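A short worksheet on the structure shown next.
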Number of protein chains: 2
Amino acid sequence: MTLDSTAKPRASRGRRPSRPTGDDRELAILSTAEKLLEQHALSEISIDDLARGAGISRPTFYFYFRSKDSVLLTLLDRVIQKLDQAVVGPSERLSEDPVRYWRECLEATYTTFSAHRAVLTATVQVQHTNAEIHRWRADRAERWVTRISQAIEAERARGAAPPGPRARDLAIALNLMNDRVLYSTFTGDEPAVPESDVIDVLLNIWLTTIYQTTQPIAG
Amino acid sequence: MTLDSTAKPRASRGRRPSRPTGDDRELAILSTAEKLLEQHALSEISIDDLARGAGISRPTFYFYFRSKDSVLLTLLDRVIQKLDQAVVGPSERLSEDPVRYWRECLEATYTTFSAHRAVLTATVQVQHTNAEIHRWRADRAERWVTRISQAIEAERARGAAPPGPRARDLAIALNLMNDRVLYSTFTGDEPAVPESDVIDVLLNIWLTTIYQTTQPIAG
DNA sequence: GATTGTGTCAACATTGTGTCGAGTACGTCG
DNA sequence: CGACGTACTCGACACAATGTTGACACAATC
């Protein structure tokens, strides 16, 4: 998903003035935002804070972004672009080495979240109030769910996993669990699973849920 | 937990004027809020909306509540009071009939949520921005976690459940999952588990996680 | 040198929150 | 009865944050 809709349409990039200007300012806003998000929730950050941090006035901010949320969305877009190429994806190892496959799925999620906690936790926080971000998350979730439920069905088909609730429903529940558990682990809201254990705990739940044991049948 | 802190201290209740006044207004605000929450998120509701809905002016609103959030907190308090007496609690049936015990735990959570979805989903939404509500949820969560992890340990002790990750960590993860899954089921955000299946799906995950099977050993 | 597009901001308009202080209605006590 | 206190009410204000407008600057191109 490209996020053209969020950043104001910048005119043709052909001619670039030599002033200390242009994209620099946009980047300055973005990095100010990411920095501030490490300390404060998005709701506590004003547009003025972002503008000042980037060395511009508040009205000028609106030249670059249409709102605070759209800054977050752009940040998110950048994070995910990096990520989508890093996590090329637990490939076809599913039937060969299921445990490894699922561990890698989880680690991918963990890594995503961990590398840019500030941005990702902010996203979680505003998903309820911002329609665009809400849609963005729904979209991502849908793709994960599809992928995971196909994997579960494949495992059931080859007899490695027993039958059970609809694969899609399990995938949804497990996926929501991951998000929520990682969120509270990273924000440190009590009660939370300690960061050192979080992958193991989640993996355990995934495996037992899918296979009714922690030692699934390998290829 | 009583929420004295949230409602302004009403003076002695001794003398009651006969005007269409007093507690009536407070109740009017509360029911207006609950009604509006069925259609809109709390962030979309202004204090003026609440005041108008209750037939008073905005400043008068502040006579009864210190803020929008404190209305929600009071609403929550009422919901929970009803609930804490309804769900007296899956008692000592744990070792006799484990499946039933866990099903009742889940159903209690489901019922809580379901009966006052508007209030509960609003709570989820503002937990990230309101410290008081955040604390309230953390508190409730902590008590559930304690209770659940003790139950898991008891099952392990009597050999009904196999060893595994720290009981507390499982309890935290399962608990967060419940909240999150029920939230999206009730708001209907896609992807969500359909309401008709949600208890079965969650129960399945709980049982397999705790017992590594859906048929635990009964007493 | 005129034109065009990028970039800038002071000043304004708007919306929502919270407060203050002057008021009104009602029960009570002299 | 009347004056006193308390519950209650709201107009008018102060404030904070958001978003908009219109005039202006500068560089690149014609």
Side-chain angles (χ1 to χ4, degrees), chain A residues 5-30 32-33 36-37 40-73 126 129-133, chain B residues 5-30 32-33 36-37 40-73 126 129-133:
Chain A
S5 56
T6 75
K8 286 195 181 177
R10 301 291 298 287
S12 60
R13 308 256 155 169
R15 204 155 34 77
R16 315 252 61 242
S18 55
R19 254 193 296 184
T21 296
D23 286 339
D24 303 341
R25 295 286 160 85
E26 193 170 328
L27 290 177
I29 294 172
L30 290 169
T32 303
L36 290 178
L37 280 175
H40 310 277
L42 189 65
S43 58
E44 295 164 357
I45 299 171
S46 73
I47 289 180
D48 203 44
D49 293 334
L50 295 177
R52 281 178 195 289
I56 56 177
S57 75
R58 204 170 51 78
T60 301
F61 169 92
Y62 288 98
F63 182 79
Y64 294 100
F65 294 96
R66 66 167 95 274
S67 69
K68 223 168 32 173
D69 287 356
S70 98
V71 174
L72 179 59
L73 221 30
V126 302
T129 44
N130 180 293
E132 210 163 356
I133 288 184
Chain B
S5 56
T6 76
K8 287 195 182 178
R10 299 291 299 287
S12 61
R13 309 256 155 169
R15 201 156 37 78
R16 314 254 60 243
S18 54
R19 252 194 299 185
T21 295
D23 286 340
D24 303 342
R25 295 290 160 84
E26 194 171 327
L27 290 177
I29 293 172
L30 288 169
T32 304
L36 290 178
L37 280 174
H40 310 276
L42 188 66
S43 58
E44 293 164 358
I45 300 170
S46 72
I47 289 180
D48 203 44
D49 293 333
L50 296 177
R52 280 178 196 289
I56 56 177
S57 74
R58 204 169 53 77
T60 300
F61 168 92
Y62 287 98
F63 182 79
Y64 294 99
F65 294 95
R66 66 166 96 275
S67 69
K68 223 169 30 173
D69 287 355
S70 100
V71 175
L72 180 59
L73 223 28
V126 303
T129 43
N130 180 295
E132 210 163 356
I133 289 185

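All figures in this text were calculated on a predicted structure; none of them were measured in a lab. Each chain gets a letter, A, B and so on, in the order its sequence line appears, and its residues count up from 1.
In this structure, CD1 of A:I45 is placed 13 Å from P of D:dA17, rounded to the nearest angstrom. The interatomic distance linking B:E26 (CD) with D:dC8 (C1') rounds to 13 Å, in whole Å. Summarising the geometry, the separation between CD on A:E44 and P on D:dA17 is reported as 12 Å, rounded to the nearest angstrom. Per the geometry, CG belonging to B:L50 stands 9 Å off P belonging to C:dT17, to the nearest Å. Regarding B:F61, its CZ atom lies at a distance of 14 Å from the P atom of D:dC10, rounded to whole Å. Taking atom CD1 on A:I29 and atom P on C:dG7, their separation rounds to 11 Å, with Å as the unit. Atom C1' of nucleotide D:dC13 and atom OH of B:Y62 are separated by 14 Å, given to the nearest angstrom. The separation between B:R25 atom CZ and C:dA25 atom C1' is 12 Å, rounded to whole Å.
Proximity of B:L72 to B:L37: side-chain heavy atoms (C-beta onward) are separated by under 4.5 Å at one or more points.
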- Message: Evaluate A:E132 against A:L73 for side chain to side chain contact (heavy atoms under 4.5 Å, CB included), listing each step before the verdict.
- Response: CA-CA 8 Å; A:E132 210 163 356; A:L73 221 30; 3.6 Å; yes

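For A:S57, the side chain to side chain donor-acceptor pair (under 3.5 Å) criterion is met by A:T60, not counting sequence neighbours. Checked against side chain to side chain donor-acceptor pair (under 3.5 Å), A:S43 has no partners two or more places apart in sequence or in another chain.
Nucleic acid contact class of B:S57 (heavy atoms, under 4.0 Å, all strands): base.
Closest approach of B:L36 and B:I45 over heavy atoms only: CB-CD1, 3.6 Å. The heavy-atom pair separating B:I47 from B:F61 by the smallest distance is CG2-CD2, 3.5 Å. The two residues B:T32 and B:L50 make their nearest non-hydrogen contact at CG2-O, 4.1 Å.
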Pull out every protein N or O sitting under 3.5 Å from an N or O of nucleotides 21-23 of chain D, one pair per line with the distance.
none

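Dashed line: the shortest gap from a side-chain N or O of A:Y64 to OP1 or OP2 of C:dG7 is not under 4.0 Å. Residue A:T60 has a polar side-chain atom (N or O) positioned under 4.0 Å from OP1 or OP2 of C:dC9.
The base of D:dG19 sits within donor-acceptor range of the side chain of A:R58, with an N or O pair under 3.5 Å.
Candidate nucleotides D:dA17, C:dT17, C:dC9 were compared by shortest atom distance to the side chain of A:I56, and C:dC9 ranks first. Residue B:I47 has its side chain nearest to C:dG18 when only C:dG18, D:dT9, C:dG16 are considered. Of all nucleotides listed (C:dG7, D:dC8, C:dC9), D:dC8 comes nearest to the side chain of B:F63.
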